[in-house]
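As structure tokens, the structure follows; a few thoughts come after it.
All values below come from the heavy atoms of this structure, side chains included, with hydrogens, waters and symmetry mates left out.
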Amino acid sequence: MAAAPSQNPRSLFDQELCGLVLDTAPRLFAVVQVCGDGREDSDGWVVAWGFLDSNGPTRVFGIDGRTWMTLASPERAVRHFARRPGIAARLVWLAQPGVAVLDRGEAA
């Protein structure tokens with residue numbers, strides 16, 4: 001009976017690293033502002049990106065490059081960006097990733 005081919009130890013380690021990344025990846029979200037929410041002529045735009053780490057605070061970065069916040073929860077970012085009259089803010093969560101790769105070219 002032939003022996004099963006041995007896997008390259010480096011390949012196994014790379015797989016473990018990718019698994020670790022997937023297990024500990026922060027949840028990513030966008031903060032969007034909406035004008036005329038619920039109307040046919042509603043408009044919306046992304047004002048910030050954020051990530052939620054399971055072991056720490058929420059971090060939010062405005063797309064203007066000037067706003068950086070560390071908050072207790074993503075919902076606090078919604079309150080911050082909904083201060084203007086007639087403007088609502090919402091969170092839009094990116095789906096949980098299912099694949100991790102070591103090569104930047106493969107990630108694109």
Is the number of heavy atoms from other residues, nucleotides or ligands under 6.0 Å of W68 CH2 greater than 12?
no
Main chain of F81, side chain of Q33: is a donor-acceptor contact present, judged purely on distance under 3.5 Å?
yes
Here the gap from L12 atom CG to L17 atom CG, rounded to the nearest 0.5 Å, amounts to 11.0 Å
So if you build clusters from Ile, Leu, Val, Met, Phe, Trp, Tyr with side-chain heavy-atom gaps below 4.5 Å, do V92 and F51 land together?
yes
Do E75 and L91 touch side chain to side chain, with heavy atoms closer than 4.5 Å?
yes
Using side-chain heavy atoms (C-beta onward) and a distance below 4.5 Å, is W45 in contact with V34?
no
Heavy atoms, side chains only, cut-off 4.5 Å: are R27 and W93 in contact?
yes
Quick check for you: to the nearest 0.5 Å, what is the distance between L71 atom CG and R59 atom CZ?
10.0 Å
Same apolar cluster (I L V M F W Y, side chains within < 4.5 Å links), I63/L94:
yes
Do side-chain atoms of S42 reach the backbone of G36 as a donor and acceptor pair under 3.5 angstrom?
yes
If you round to the nearest 0.5 Å, how far is CZ of R84 from SG of C35?
8.0 Å
Looking only at atom types and distance, does a side-chain atom of D64 sit under 3.5 Å from a main-chain N or O of T67, one as donor and one as acceptor?
yes
Could you check, using the six-membered ring where one of them is a Trp, whether W49 and F61 have ring centers closer than 6.0 angstrom?
no
Residues L52 and P74: closest non-hydrogen pair is CD2-CG, 4.2 Å
Could you pull out the closest heavy-atom pair between A48 and V60, with the gap in Å?
CB-CG1, 3.7 Å
Taking the side chain as everything from C-beta on, heavy atoms only, tell me whether V31 gets closer than 4.5 Å to V46.
no
Are H80 and M69 close enough that some pair of their side-chain heavy atoms sits under 4.5 Å apart?
yes
